[in-house]
Amino acid sequence: MAKREGHGHCTPPIHWLDDACLVRILSYLTPMPDRFNAARVCKRWQNLVSDSRMWLHVDSDHDAQMNVFSSLQDAVLAARPGDTLLIAPGVMHECLNVHINKPLCLVGGGTSADETVLFCPRGFESALEFSASGRVANLTIKAELGSCLLHRKGRLTVDNCFLECADHPLDHLSCPIISTADDSSCPISKAQNEVSVIETRIEGGFGCVRTSGSLKLQQVRVMFGRAALTFWFQVSKHLVDVDAALVPCQA
């Protein structure tokens, strides 16, 4: 029988479980929409749903175990829409056109973006290719010849990252961010295609962003630092007074 509290209220038996048991149970729910709905039950469940024990982990130095993968590609394939992927620091993770076609959040596990590196060698179009909404945070993404991020559609957020294209005689083929999306919206969620860049350092390439669809670069802010430029900007359909779709990275 459920335990009675003051004022005649009953505590459901599931609330008697400790956090570890509840996290285990909640991990079997699909991230979208079931975990998001569970987060609305109470403050405790809201905190447990965002617990890092619910995330998928990318760590090539650990043996295969539940929710731990040796490569980002394997983790993306196993992930469900709405999952968060925590990428281990201190290791250079090779990313070869990793295609992300479901809403995912990729987070570096270090204390700063410099500690977690994704690397795309020459011969590949991009390190990460997004055809769904997603978020990339606290990561360094390097590309030898190509793009760090290729945005096809969806709402992509790049937060506190470092994007770098290596110096190369064919710099005109390199660009840290390329967007080919148009200004259409999702017929179900009505969300617009766009890229939001927040407090992100960008170096190398012919420009920091290139658009080949109908989206436009706007709301650009740049902070000039001693070692790099830090950018805030959006690529979206709401036009402002911007004539070019390309912003140079050179000071």
Side-chain angles (χ1 to χ4, degrees), residues 72 87 89 92-98 100 105-108 110-122 124-130 133-181 193-213 215-236 238 240-251:
L72 180 59
I87 305 172
M92 183 171 290
H93 303 268
E94 192 172 59
C95 291
L96 313 176
N97 286 344
V98 176
I100 299 172
C105 180
L106 278 59
V107 180
T111 57
S112 68
D114 298 317
E115 296 181 19
T116 309
V117 180
L118 308 183
F119 176 70
C120 178
R122 68 185 63 186
F124 296 90
E125 189 175 16
S126 65
L128 302 175
E129 178 182 347
F130 284 86
S133 296
R135 180 172 178 262
V136 180
N138 200 37
L139 288 170
T140 291
I141 305 176
K142 297 184 177 183
E144 276 196 327
L145 189 62
S147 65
C148 301
L149 300 173
L150 178 56
H151 173 243
R152 299 292 191 188
K153 63 179 180 179
R155 180 172 291 176
L156 174 61
T157 301
V158 184
D159 187 0
N160 195 24
C161 291
F162 177 33
L163 309 181
E164 180 183 13
C165 287
D167 291 333
H168 194 277
L170 299 177
D171 266 353
H172 63 282
L173 300 178
S174 298
C175 191
I177 300 175
I178 294 178
S179 176
T180 63
N193 295 327
E194 67 177 28
V195 179
S196 296
V197 173
I198 304 168
E199 198 174 349
T200 292
R201 292 174 291 149
I202 300 180
E203 290 185 5
F206 187 57
C208 71
V209 59
R210 180 183 295 132
T211 63
S212 61
L215 302 185
K216 299 296 181 181
L217 175 68
Q218 57 187 313
Q219 300 180 19
V220 180
R221 291 189 295 145
V222 184
M223 184 172 70
F224 291 81
R226 187 181 297 268
L229 304 182
T230 302
F231 287 84
W232 291 256
F233 60 79
Q234 282 193 318
V235 179
S236 63
H238 303 291
V240 294
D241 295 332
V242 177
D243 297 327
L246 198 64
V247 170
C249 288
Q250 290 76 21

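Residues V235 and K216 fail the side-chain proximity criterion, which asks for heavy atoms closer than 4.5 Å. Under the 4.5 Å side-chain criterion, counting only non-hydrogen atoms from C-beta, V136 is in contact with F130. Contact annotation: the side chain of V98 never approaches that of C120 to less than 4.5 Å [non-hydrogen atoms, C-beta and beyond].
In this structure, the side chain to side chain contact (heavy atoms under 4.5 Å, CB included) partners of K153, at least two apart in sequence or on a different chain, are S131, N193. Scored by the side chain to side chain contact (heavy atoms under 4.5 Å, CB included) test, S147 finds S126, L150, I178 as partners (sequence neighbours excluded). For S112, the side chain to side chain contact (heavy atoms under 4.5 Å, CB included) partners at least two apart in sequence or on another chain are D114, E115.
Pairing each heavy atom of C208 with each of F231, the nearest pair is SG-CE2, 4.1 Å. Of all heavy-atom pairs spanning C165 and G146, the tightest one is SG-O, 3.7 Å. Considering every non-hydrogen atom in both R210 and C175, the closest pair reads N-SG, 3.5 Å. What you find for R135 and L156 is that their closest heavy atoms are N-CD1, 4.5 Å. In this structure, L128 and L106 approach most closely via the heavy-atom pair CD1-CD2, 3.9 Å. Scanning all heavy atoms of the two residues, the minimum distance from C148 to L163 falls at SG-CB, 4.1 Å.
Taking CD of E203 as the start and CG of L229 as the end, the distance is 7.5 Å to the nearest 0.5 Å. Distance CZ/F162 to OG1/T200: 11.0 Å, rounded to 0.5 Å. A distance of 5.0 Å separates CD in E199 from CH2 in W232, rounded to the nearest 0.5 Å. Note that the CG atom of L215 and the CD atom of Q234 stand 11.0 Å from one another [nearest 0.5 Å].
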**Study point:** Audit row: F233, I202, side-chain contact (heavy atoms from CB on, under 4.5 Å) steps and yes/no
**Key:** CA-CA 12 Å; F233 60 79; I202 300 180; 4.0 Å; yes
Practice item. Please step through side-chain contact (heavy atoms from CB on, under 4.5 Å) for the pair L139 and L118, ending with a clear verdict. Key: CA-CA 7 Å; L139 288 170; L118 308 183; 4.0 Å; yes
Exercise for review: Please assess E164 against T140 for the test side chain to side chain donor-acceptor pair (under 3.5 Å), listing each intermediate value before the final yes or no.
Suggested key: CA-CA 8 Å; E164 180 183 13; T140 291; over 6 Å; no
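Checked for salt-bridge contact, R152 and E125 meet the test: a charged N lies under 4.0 Å from a carboxylate O.
Listed for the E144 side chain is a donor-acceptor partner under 3.5 Å among the backbone atoms of R122.
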